[in-house]
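In what follows, chains are A, B, ... by sequence order, proteins preceding strands, each numbered from 1.
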Amino acid sequence: MQSRRWFGGAGFSFADDPVTETLSQAIRGTGEELDREPDTGVLFGSLRGSVVGLRYYTGVVNKGEMVSLVRQPQNPYDRNAVMVANVYGSQVGHIKRELAALLANIMDNNLARVEGVVPFGVKNQFTMSVVLSFWGREENRDAVVRQITSRSFKLQSGPTGFMCVDGSRDLPRKTVLLTAEELKNAFDNLFENLMEDKIGEREAVEAVCTPLLPHQKQALSWMCVCENNTALPHFWEVKEGLFYNTLTHSSVRERPQRVRGGILADDMGLGKTLTTIALILSNFHHGKPLCEPEKSSPEPKASTTARKNPEGKSGEGVQAEVSVAPAGHSPCMRANQAETQVVCVESVDVVQEDVVEDGDEDWVSEKKAKGRPQGGKAKATTTKKAAKTKGKAVSTSRKGGAVLEDLDFAAALSGLTQGAPQKKSVGKSVVSPVEAASSQSTDDPAARATLIICPLSVLSNWLDQLDQHVRADVKLNVYLYYGSERNRDTHFLSSQHVVLTTYNVLSADYSGIASPLHTVSWLRVVLDEGHIIRNPNAQQSKAVLKLNTQRRWILTGTPIQNNLRDLWMLVAFLRLKPFDVREWWNRVIQRPVTQGDKTGLQNLQALVKCVTLRRTKTSRVCGRPLVSLPERSVRIEEVELTQKEREEYELARTEGRSTISRYVAEGTVLRNYADVLAILVRLRQFCCHPDLLGKTTTHTGVVAVTPAELRERLIMKLRLVLGTGSDEECAVCLDSVRLPVITHCAHVYCRPCIAEVIRSEQEQARCPLCRGQIKASELVEFPLEEEEEESNLLENWRSSSKVEALMSSLLRLRSEDDSIRSLVVSQFTRFLTILEIPLREEGFKFVRLDGTMSQKRRAQVIQEFQSDAPGSPLIMLLSLKAGGVGINLSAASRVFLMDPAWNPAAEDQCVDRCHRLGQKRDVVITKFIVKGSVEENMVKIQRQKQDLVEKAFGTKNPSERKTSRVDEILALMEL
DNA sequence: ACCGCCGGGTGCC
DNA sequence: ACCGCCGGGTGCC
C-alpha cells in the first residue's frame, strides 16, 4: 500500500516539508490566470460530486469547509486526476474518476475556476461529498455548461447552499452587506487603532545608544513578542487534538507555522528604523541581545566614514567596521555559546505566554489519549504544571558549567519521545494562544544575520542611522551588499550581523544562476518601505518571497493605498497561513470583502490586526501624544499677475475653454483627455512663469496629418502630461506612471502595463480609457533629446510675479534669521531651473533635488543640505515628487509650495519631509496661489476632495476615475 | 465500505 | 457449471 502512495503521506505540515512545498506550489500555480481577477468571475453554477480515497490521506475537512482542487496531469493512474486539498494544503483525496475527467477538461482549458466546498463534516472515512462551483468569464459559460451536461452531470444554478466558509449550517449563509461608505470607512480604519492595550514597553539593550521614546519601546516590545512568542494567533484553537482555524473553520493535524514578524506600519518619522535597529540588537536567539558593548576596551568610534558612504570610491560592497575579535570570542556571539552565562532564558514577553514545550505536549497527550474530552480544565492544569516543571528544569540543568537553553532542552525532550506518535494533541488550554516549540526547534540555530532590503534612496539613511544609534564600542558587522564588487560569498554573508541591500540588487541576484542572498539562511529579513513589493508579478516581489529566513518584517508607512490586493503580497511575504496561498486569500478575504460582505471584512480585520502595529503622528498613548512635533502652519500667499501676464494668461484660458467646451459639446472629453489635461497644465505653468511652456506652444487639438507630425504631437502631449512632474496615474496599474508611453489615441500608460494589455488581447487590444484600437507598434515614448533650448531659457531670462513673490519672501526671511532653511517646491522642474537665476543673483547658497538626479547625487545633496557646517546651503529646490517618501529634510523649517498639486496628499508628504521627528522649529508652509486663476480653483477642489467620501477601494475603475477627474477639470475651467 | 466489485469456490435439498 | 449463488478479499487517482 505504501508503494502506491506516489504523492503525499502522513499529515504533512507547511513550509518545512518539501512535499508540502511542492503541493502548495501546485496550489499556487493553479488558476493563476483567473486569479488575476478573482472578484470579477461569474458563478456559472454548481454540482455535487464525490471525493474518494480519503483513507490514504491525512487532510481533514470540516463541515462546510472549502477545499481546493488541483490538477495532477502527471498522475500515473489517470492523467485527468484532480486532487483535493484542504485549506492547509494537506491532501484530502481525489475527485472520482468520471467527474475528474470533466473537471480536467474545464480546468485545463481554463474555461472556469472550480472551487469546492464540503457539505458534510469530518466523519467521512472513505468518500465524501463535495459541492463544486464553477466561476469564470461570461463568454465561457456556454462551453462549461455544454461540457457538464454532455457528460451527464447536472449543473445547478446558484451555490446550492454550501458556499459558506462558516459551514456550521447547510443553509446558505446570510451575508450582511455593507454600504460602500461603511466599507470605505472600515477599510480606511483597517490599519488604525491596532494598538494592543496589553502591549508593554521594552528598553533596548545598552548597545543602542539613542534612548527610545515610549512609543518606540512599545514597538520594540511588540516586535520582540512577535518574534519570540511561538504562540499561534488567536484565531487558532486546539480542538479535539487538531489545530482549528476560526477564520476558515478548518483544522490541521500539524501545527501551522506561526508568523514570526509582522508589519510595522507606523507613520514615517516615528522611528521605524531606530526601532528596527534596536530589535536587531536586542532580540537575537531566544530573546537575548545580539551584541553588548565591549566594556573592557571601549574603542573610539572609528572607521565610520567607510560605512557611511555607499558611493565612496571603492564605495560599494564595503565591509563596514570589520570585527577584530575572532568570532567565537566576540561578545556578539555569546548568545550562541553554551558556556556563556545565560542572562535571561526567556524574555519577559515569552514567560507571559504560558509556554508548553513540545515534549510536554506529547506527555500530556499520551496521558489523556484514551480518556477523551471532559475535564478540559484538568488537562489545562496538567499543561500548566508541565510548563512549570520544564521551566525549572531549564534553570537548573547546568551540566559542567553548561546551561541547556530552553530550546535545546525542548529538542532533547522531543528527542526522547521520538518513538511516540507525532500526533499533536494538546488539551484545550486555558490561554488561547497555543504554544509549541516545535516550530522553533526546526530553526537553523546558526542563522544570525539580518538582511535589510530597502530602496536605494534610503540606503544611506540606514547606514547613517546604524552609525548614529549603535554604540561606537559595539562591534556590529554591517555589510553593504551593493555594487558590482559586492562579496557574494555566502559564508561571509551569513557571518554578518546585518546585511544591507536594495530591492534592485536582490532581484538582479535572483534572476541569476545562484543567488547568494537566497542561499543564506537568514535570521531575519526586513523589508523597508515594504509596500514596494505590493505587486506580486514584479520580479523583486518574487525574489523577496523566496528568501530563506526565520523572521520577517515589513516596514511601511503606507501598508495599503487603495487596493485590497496590495495587502496580499504582504500577507504572502509574512507567510500568514493559509492566506499566503492566493486561492484562500481570494475566497476567504478578497472576494467577500469586495462584495461587501461584513464577515469577510471582519476576517480581514482580524488578520491584519494580528500582524500589524500602526501608529500615526497623531496617535496617543495613555492620553499623551506619541511624539510632540513642533507646530506647523500653512499660509496662502496670493499673487497678483502683472498686466502683461494677465493678458497672456487670459488669452490661453479663453482658447483652452473654447477647446474644452467643444469637446464637451461633442461628448469627446474622455477621448481627448490628454489634450484637456495639456490645456490645464499650460495654464498652471502660466501662473508660475510664462517661459515654462518651452517649445510646447504649438496648438494641440489640431488633427495631425503626417505620421511624423502625429508623433511630434504625441511626444509633446506626453511631455505636457508628465514631463512637468504632475502626478498622472496609469489607468492600468493605477499607480504613478513609470516608463511612460502614449497611445495614438493620446492616453498615457506605463509601457509594461499597456504592453501587457496588448499582449493579452492581441489584435483586439483596445485602449482601456477610450476603447480605441491600440497596437504595440504605435506606442510613442519620450525621445532622448532635450536640453538644447535650456540655455535659451536662461539667456533670455525674465522674472514673473510668482518669482518675485518668492524672492521677496526669501530675502525677508534671510534678513530676519539667516539660520532658517527653506524648501522651495514645484511640480515643474523647469520652474526650478528658472528660479536658480535670481537665487544666484541674490547670493543664496542652494542645492537642488529632482527626479532626474542619480541616487548618488541625491544622497550628496541631502547630506549637504542637512549638514550644519558653516556655509551649507539655506535653500533646497525640490521637485514635488522627487525621491519618494522617507527622505529626511528636517534641516528646513520653511516650505514654499510654488504651485498647487492635484493631490493634496502629495503636498502633505512633501511637507512631512521636514515636519518630522528631529524638527526643532515650528514649520511654516507658504502656498503661492495666483489670484483669479486655475490655481485658486484647484485649492477649492483640494478642499472638497478631503471631505469627499470616495467609493470603496479597487472597485472604482480607471475610466470612472478619469470621469471624476474630468469633472474636476471642467470645474477648474469654470465650465 | 452496514457498500459494490472482483474472482475463486462451489453446485438438489 | 458457457450459469447463479455464496462469502472472503478488497477498495482513489
Side-chain angles (χ1 to χ4, degrees), chain A residues 1-13 17-32 46-134 144 147-148 150-155 162 170 240 242 250-254 423 581 583-584:
Chain A
M1 202 206 340
Q2 186 75 2
S3 62
R4 302 196 63 176
R5 288 188 199 168
W6 70 281
F7 191 71
F12 34 81
S13 66
D17 189 329
V19 179
T20 319
E21 198 51 36
T22 323
L23 177 56
S24 56
Q25 273 165 11
I27 295 171
R28 264 179 240 267
T30 53
E32 214 171 75
S46 51
L47 60 82
R48 178 76 69 90
S50 47
V51 185
V52 293
L54 301 197
R55 66 137 135 179
Y56 299 99
Y57 309 99
T58 52
V60 194
V61 187
N62 293 327
K63 191 180 195 178
E65 191 184 321
M66 306 176 306
V67 289
S68 109
L69 305 168
V70 184
R71 276 285 287 121
Q72 288 182 334
Q74 301 301 323
N75 189 306
Y77 303 97
D78 181 0
R79 62 186 171 80
N80 289 326
V82 176
M83 182 199 78
V84 179
N86 71 8
V87 174
Y88 304 102
S90 302
Q91 181 163 2
V92 174
H94 279 106
I95 292 291
K96 214 169 163 27
R97 205 178 203 101
E98 307 77 49
L99 183 54
L102 165 68
L103 296 192
N105 199 320
I106 288 173
M107 292 167 88
D108 295 350
N109 293 314
N110 241 321
L111 294 174
R113 191 169 63 239
V114 190
E115 296 183 353
V117 174
V118 172
F120 309 114
V122 267
K123 285 189 214 109
N124 310 300
Q125 270 193 66
F126 303 96
T127 64
M128 67 182 176
S129 273
V130 60
V131 175
L132 302 169
S133 49
F134 298 81
V144 172
Q147 281 292 332
I148 294 174
S150 74
R151 288 170 197 256
S152 38
F153 287 98
K154 253 179 96 183
L155 189 69
F162 297 115
D170 288 346
E240 292 162 16
L242 298 171
S250 49
S251 316
V252 231
R253 221 161 274 208
E254 293 295 298
K423 199 172 163 192
V581 173
E583 177 174 359
W584 309 120

Spacing between A:Arg71 atom CZ and C:dC13 atom P, to the nearest angstrom
14 Å
Of all residues at least two apart in sequence or in a different chain, which pass the side-chain contact (heavy atoms from CB on, under 4.5 Å) check with A:Ser129?
A:Arg48, A:Pro119, A:Phe120
Assigned partner base of B:dG9, Watson-Crick or wobble definition, under 3.5 Å
C:dC5
Anti/syn call for B:dA1, syn if |chi| within 90°
anti
Distance, C1' atom - from B:dC3 to C:dC12, rounded to whole angstrom
16 Å
Rounded interatomic separation in angstrom, taking CG from A:Asp78 and P from C:dG11:
18 Å
Separation of the P atoms in C:dG8 and C:dG4, to the nearest angstrom:
23 Å
For the C1' atoms, the ones on C:dC5 and on C:dA1, what distance do you get once it is rounded to whole angstrom?
12 Å
According to the 5.5 Å centroid and 30° plane-angle thresholds, does A:Phe126 stack upon the nucleobase of B:dA1?
yes
Restricting to salt bridge (charged side-chain N to carboxylate O under 4.0 Å, His left out), what partner residues turn up for A:Arg97, sequence neighbours left out?
A:Asp78
Nearest heavy-atom approach of A:Ser90 to A:Gly59 is CB-CA, 3.5 Å
Integer-rounded Å distance: C:dT10 P and A:Arg55 CZ
11 Å
How many whole angstroms separate atom CG of A:Leu54 from atom P of C:dC12?
11 Å
A:Gln125 CD to C:dC12 P: how many Å, rounded?
14 Å
Return the CD to CE distance between A:Gln72 and A:Met83, rounded to the nearest 0.5 Å.
5.5 Å
Rounded to whole Å, CZ of A:Arg97 lies from C1' of C:dC13 at a distance of 6 Å
So, does A:Tyr77 get its side chain near the phosphate of C:dC12, meaning an N or O under 4.0 Å from OP1 or OP2?
no
To the nearest Å, give me how far apart CD1 (A:Ile95) and P (C:dC13) are.
11 Å
Using only modelled atom types and a 3.5 angstrom limit, is any donor from either the side chain of A:Tyr57 or the base of C:dC12 paired with an acceptor on the other?
yes
In sequence, state the C-alpha distance, the side-chain angles, and the governing distance for A:Ile106 and A:Ile148, and then conclude on side chain to side chain contact (heavy atoms under 4.5 Å, CB included).
CA-CA 9 Å; A:Ile106 288 173; A:Ile148 294 174; 4.0 Å; yes
Of all the choices, C:dC12, C:dC13, B:dA1, which nucleotide is nearest to the side chain of A:Asn75 once you look at every atom?
C:dC13
If I take atom CG in residue A:Leu103 and atom C1' in nucleotide C:dC13, what distance separates them, rounded to the nearest angstrom?
13 Å
